[in-house]
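Inspection log for the structure reproduced underneath, given as structure tokens.
All chains are named by letter (A, B, ...) in the order of the sequence lines, taking the proteins before the strands, and each is independently numbered beginning at 1. All heavy atoms count here, side chains included; hydrogens, waters and symmetry mates do not.
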Amino acid sequence: FFFVGTFCISASIKTINRHTMDKSITLPPDEIFRNLENAKRFAIDIGGSLTKLAYYSTVQHKVAKVRSFDKATKEAASDKLYEISVQEEVTARLHFIKFENAYIETCLDFIKDHLVNTETKVIKATGGGAHKFKELIERKLGLKVDKEDEMTCLIKGCNFVLRNIPHEAFVYAKHADSEFRFQTTQPDIFPYLLVNIGSGVSIVKVESEDKFERIGGSSIGGGTFWGLGALLTKTKRFDELLQLASKGQHTSVDMLVKDIYGGSYGSLGLTGDLIASSFGKSATADKEFSKEDMAKSLLHMISNDIGQLACLYAKLHNLSRVYFGGFFIRGHPVTMHTITYSINFFTKGEVQALFLRHEGYLGAIGAFLKGAEEDNPNQYSWGENYAGSSGLMSVSPDMNPMQRARSGTFDMLEMDRLERQLVNLPLLQDPSSYIPDTMDLTEDALAREYWLYCFEEALDGVVKRAVASQPDMPEAAERAEKFRQKYRHKLQTLRHQPFAYGSLTVRSLLDTREHCLNEFNFPDPYSKIKQNENDIALKYYQKAVKSLEELSWEERQFALVRGVLAGNVFDWGAKAIWHLGLIYLFIFFSSERPWLVDSYDQWLERLRGPPHKCALFFVDNSGVDIILGVIPFVRELLSRGTEVVLASNSGPALNDVTNGELQILTERIAAMDPVIQAGLREDRLTLVQSGSSSPCLDLSRLDKVLAQVVRERQTDLVIIEGMGRAIHTNYYAMLSCESLKMAVIKNSWLADRLGGKLFSVVFKYEVPAGKPSQGSAAVTPS
Amino acid sequence: MAFNGHQREDEGIDEDETPTKQPRSEKEMPGCFKTEPHNEASASAGRSTSERRTSNSTMRHRADSVKKTRPPFPWFGMDIGGTLVKLVYFEPKDITAEEEQEEVENLKSIRRYLTSNTAYGKTGIRDVHLELQDLTLCGRTGNLHFIRFPTHDLPAFLQMGRNKHFSSLHTTLCATGGGAYKFESDFRTMADLQLHKLDELDCLIRGVLYIDSVMSSGPSECYYFENPTDPDHCVQKPYTLENPYPLLLVNIGSGVSILAVYSESNYKRVTGTSLGGGTFLGLCCLLTGCSTFEEALEMASQGESTRVDKLVRDIYGGDYERFGLPGWAVASSFGNMMSKEKRESVSKEDLARATLVTITNNIGSITRMCALNENIERVVFVGNFLRVNTLSMKLLAYAMDYWSKGQLKALFLRHEGYFGAVGALLELLHPS
């Protein structure tokens, strides 16, 4: 089965006959029904064969906080710059668990035993099976079952995943290198058509969060395939019927155009292989047909019919986004393929059939949201937690038998409520075509191979650092080991199913690692390293600024750029050597122009022109990078009369400087530097958080406040620094204003890919087409 | 099937003599295919040009010029579909003694064979009730016969053509349907006949418009069902297709083609579906073990589809009001068959009925969407799926009316499946 969960319940459960299941089975609680003790608000969606349970929980997280020392305590706290404390933070999480209906009773017992929260009184329920289990649920959980309309739940769930999960929707291409082609998140998800293929078909037009209409449907649906298929083939199970169909040849049962014409029907452009009459060849009493062939013919008949109707409705309502869901689709490659084929045929490729990664959860998500309306879940942004979610699993139709592979598995989805509401950067040239990631490892097998290897190789080091970051905690080693297992398992999964969490990218690999570290309470393994880096770099600040000021204007501009690049070389916790000598060594390297990508001359020319109104600077690492590279650069911009917005991560990721740390650092620098101080005082230098906790940057998911500031200040320059933000992501991002991407390629494989060497410099200054370069109005500064 | 059945009255005629060559026309006179009403009364009501045959000498002269341009007998039009071969044959009834004398034996024997039988071999059938009498075509008056046989019996038909030395008549055999292409070489090698192949949709439209324009003393060609949503008062009523355009023409044969017709020469195929008459019969054969369309229909008429289908009320207990779905609407065709107990409790008749309802409703649903997309309100259903299939016609009439809230009208034509063949015959008489 397609959505095979990561977690198989213990071997014992699998051997037990599902009908006589022993209640004494213990589920591994720390893996399946996580955080049950904090759970409130339940929803359940019971379908024909699978149950989806949803609940809301609060998760206690350890987070690293930084705080300036009080004046009073400062003396005592030695020479440290600021204080790091690990605090408990409570965040909201949505849990969705999918399991076979056979496990309902066991699961309900388990929940009852572990449910502490007494506030919960009601469980929202939807799905065709909800009434069947109503009594059982009420008896077992002591909760009142409150039924919600199935379609309303489905649409609510659909809107939620489309809005909150990047790479939720995908196009299925059976014979392509990667079967799944994920779609970028659209800034506006409406309007769309949802074709839900359950036992019948419902075609729903969704125009906004609350406005949707069932514009049509068909009685020929999954139930027709199943019912008619069972009659024709004497095969009872839906999965088995699909299995049969995938092995059959429909041409022995169907009457094709060529059976009537001898070839194609040229004048109408109907090729000979088209089906003229489904089951047209079986209109005879004296011929036997194989089960496989009949099942295949039936599958084609139903898929084509649904596809045709969907296209007719899409055309009538002028809609081009058509999502397919329902148990007929639910991750079955066979039906996704036939529906895709049908849509392509009937629209001549104008409309693409879209499928959803979490299609099976829509009803449960929607029912949950119905019950949680008072919490306004839609006013928050949510993010898929890669550590706690099973991801999309593929099973080739040949994997045999499907139902056994599925049996006893629990599929999970966890969504974390993000602190900040996330929106598009208003400066994206075309938000609907923006793809953050430079390389799609789902499609690029060589790159995938390399990066998976890379992350696996680096795992030992990450584990060591995690342990080292918590010297006072004796059980850290054990937790770190669990982290290692979890992340290694994720890497293995991704090796086989690169599409499990949408398109596989360096960013998703990094983010998954961060999620896994968090899961095992390593909120910020680099905190002490960062503290140390910052401390040392600060000591050199005044000296660096002074030496820059001694240079001529033109020399200074070059030195500032090299300073950013050099500072950025010190990364990945390269804590060993801290002296300016190394920076100058790099400056020696980097002075050899032209660089790999080099538009420095255009940049310099631009600097001779009028100052920018406001620059948005996405910063990267702590220490030398931010203090000796970025701040002097910012200082120069401020001196030119350009306002600067410094955007840093909201939460920790590797040794990247967080917003909290940057607040303290700028304060300290302001104390030494009147230019920075004036900038802060006059509100020309602003610090904002990006909303992200990733070493990479997704410009379509940024803090709403950041977007607001960018708009208010009429930002006309975006600077993106570092490999994670300017190379792995955003290398090709097109902005509607001037942009500057600066990075040093610190990975020889990647350098090779881009046609350069290790430590190659990328300096990409771009002016959007159509905007006159202001450098032409050259004013040479004194 | 064999066309050499026991009813053949002219078995002896088998000589090899070359028949007298009939004069062949150079070019057809435009309009000569048009209907000629057989009496004054209907002529006044007719839309087509009338040209009565008289013994008057001037008229005689005109008739002679017509004669020069018209093809020699026999006049056939053929439509070779995926399941059925449809044949129309014009039997001249105004043969003069002189002509009778000239008429070659082969031709005579074919005429007698076709007109004196109503069944040919085991599977060939003449639909006597559809016969159009006293029809004037290209200046000749006669009867138009409608004959059908299964496509898989085409070899027997060709064998008969060979036995009857059909090729010696040097007639042009106008044929349409996919079989005209598929079996072209068989016609040549087995019966020494050269086919004039014609596009099936061109022929279909030409045939529909022609037959509809023919004035006939018999029942009206076009009809509809009054009160389609009320089973007790649903009655068949004649309909005059006076200004037929635009028209959605739905041809339900083995498969289905849906055409938007704006004029005789301006039409487009909007779409089609493979769920057609062939699917109904094919599935019925598999599900019930029947082997003919008539058997399948008979079973369907005795069955109950609600035992097989899952209705809206089976799921919601009544109407699904949120979406305006009535409880009686089918939610899932064959949906009850997901359950083993229900599979064991249904009869073959129920299954046949459900198959019929499923296929018919689906055609109705696709048709309705096409009508909306093309902005056409009148729908004419033709094709042999509707032959003796009042159940499906009433269902279509109902579905069109109900789901369009009375906006769409379903129309039917008596000659259901023969229009392609008629169009092919017209092409013989008047090449376009």
Original post:
Taking every heavy-atom pair that is under 4.5 Å apart, which of Ser274(B), Gly282(B), Gly278(B) has the most such pairs with chain A?
Top reply: Ser274(B)
Original post:
Where on Glu374(B) is there a heavy atom nearer than 4.5 Å to chain A: the side chain, the backbone, both, or neither?
Top reply: side chain
Subject >> Contact winner vs chain A - Gly177(B), Ser291(B), Ala331(B), heavy-atom pairs under 4.5 Å >> reply: Ala331(B)
Original post:
Between Met151(A) and chain B, which part of the residue has a heavy atom less than 4.5 Å away: side chain, backbone, both or neither?
Top reply: both
**OP:** Against chain B, label Leu228(A) side chain, backbone, both or neither, depending on which of its atoms sit under 4.5 Å from a heavy atom there.
**Re:** both
**OP:** Counting only heavy atoms closer than 4.5 Å, note whether Phe293(B) contacts chain A via side chain, backbone, both or neither.
**Re:** neither
Subject >> Ser365(B) and Asn362(B): side chain donor to acceptor below 3.5 Å >> reply: no
Original post:
Who among Trp226(A), Phe238(A), Phe289(A) has the most heavy-atom pairs with chain B under 4.5 Å?
Top reply: Trp226(A)
**OP:** Counting only heavy atoms closer than 4.5 Å, note whether Leu312(A) contacts chain B via side chain, backbone, both or neither.
**Re:** both
Original post:
Just wondering, are more than 12 heavy atoms of other shown residues or ligands nearer than 6.0 Å to NZ in Lys236(A)?
Top reply: no
**OP:** With a 4.5 angstrom heavy-atom cut-off, could you sort out which part of Leu298(A) is near chain B: side chain, backbone, both or neither?
**Re:** neither
Original post:
Tyr313(A) versus chain B, heavy atoms under 4.5 Å apart: side chain, backbone, both or neither?
Top reply: both
Original post:
In terms of heavy-atom pairs under 4.5 Å, which option from Leu325(B), Thr355(B), Asn361(B) contacts chain A the most?
Top reply: Leu325(B)
**OP:** Starting at NZ of Lys132(A), measure out to CG of Asn101(A) and round the result to the nearest 0.5 Å.
**Re:** 7.0 Å
**OP:** Please state whether the side chain, the backbone, both or neither of Glu184(B) comes within less than 4.5 Å of a heavy atom of chain A.
**Re:** neither
Original post:
With only heavy atoms counted, which part of Ala276(A) is less than 4.5 Å from chain B, the side chain, the backbone, both or neither?
Top reply: backbone
**OP:** Step by step, work out the side chain to side chain donor-acceptor pair (under 3.5 Å) result for Glu341(B) and Ser345(B).
**Re:** CA-CA 6 Å; Glu341(B) 300 78 62; Ser345(B) 72; over 6 Å; no
Original post:
Given that the side chain runs from C-beta out, which part of Asp149(A) has a heavy atom under 4.5 Å from chain B: side chain, backbone, both or neither?
Top reply: side chain
Original post:
Hey, are Lys197(B) and Glu427(B) close enough for a salt bridge, meaning a charged N less than 4.0 Å from a carboxylate O?
Top reply: no
Subject >> Presence of salt bridge, Lys340(B) and Glu344(B), under 4.0 angstrom >> reply: yes
Subject >> Proximity breakdown for Met255(A) and chain B, heavy-atom pairs closer than 4.5 Å >> reply: side chain
Original post:
In terms of heavy-atom proximity below 4.5 Å to chain B, should Thr152(A) be classed as side chain, backbone, both, or neither?
Top reply: side chain
**OP:** Measure distances from Cys284(B) to the heavy atoms of chain A and classify the residue's part below 4.5 Å as side chain, backbone, both or neither.
**Re:** neither
Subject >> Nearest-0.5 Å distance that lies between atom CG in Leu259(B) and atom SG in Cys370(B) >> reply: 10.0 Å
Original post:
What part of Leu351(B) is in contact with chain A, defined as an atom under 4.5 angstrom from a non-hydrogen atom: side chain, backbone, both or neither?
Top reply: side chain
Original post:
So, does Ser333(B) use its side chain to make a donor-acceptor pair with the main chain of Thr224(A) at under 3.5 Å?
Top reply: no
Original post:
For chain A, which of Ser332(B), Gly255(B), Ala329(B) has the most heavy-atom pairs under 4.5 Å?
Top reply: Ser332(B)
**OP:** Considering only heavy atoms and a distance below 4.5 Å, find which of Leu283(B), Val330(B), Thr292(B) pairs most often with chain A.
**Re:** Leu283(B)
Subject >> Side-chain donor/acceptor of Asp305(A) to backbone N/O of Ile302(A), under 3.5 Å >> reply: no
Original post:
Between the side chains of Ser277(A) and Ser254(B), does any donor sit under 3.5 Å from an acceptor?
Top reply: no
Original post:
For chain A, which of Ile80(B), Leu201(B), Asp309(B), Val256(B) has the most heavy-atom pairs under 4.5 Å?
Top reply: Leu201(B)
**OP:** Decide yes or no on ring-ring contact (aromatic ring centres under 6.0 Å, His included) for Tyr398(B) and Tyr402(B), but give the supporting numbers first.
**Re:** CA-CA 6 Å; Tyr398(B) 184 100; Tyr402(B) 182 86; 5.8 Å; yes
Original post:
Any donor and acceptor pair, going by atom type alone, linking the side chain of Lys281(A) with main-chain N or O of Thr251(A) inside 3.5 Å?
Top reply: yes
Subject >> side chain to side chain donor-acceptor pair (under 3.5 Å) between Tyr261(A) and Glu200(B), intermediate numbers included >> reply: CA-CA 11 Å; Tyr261(A) 272 83; Glu200(B) 64 173 294; 2.3 Å; yes
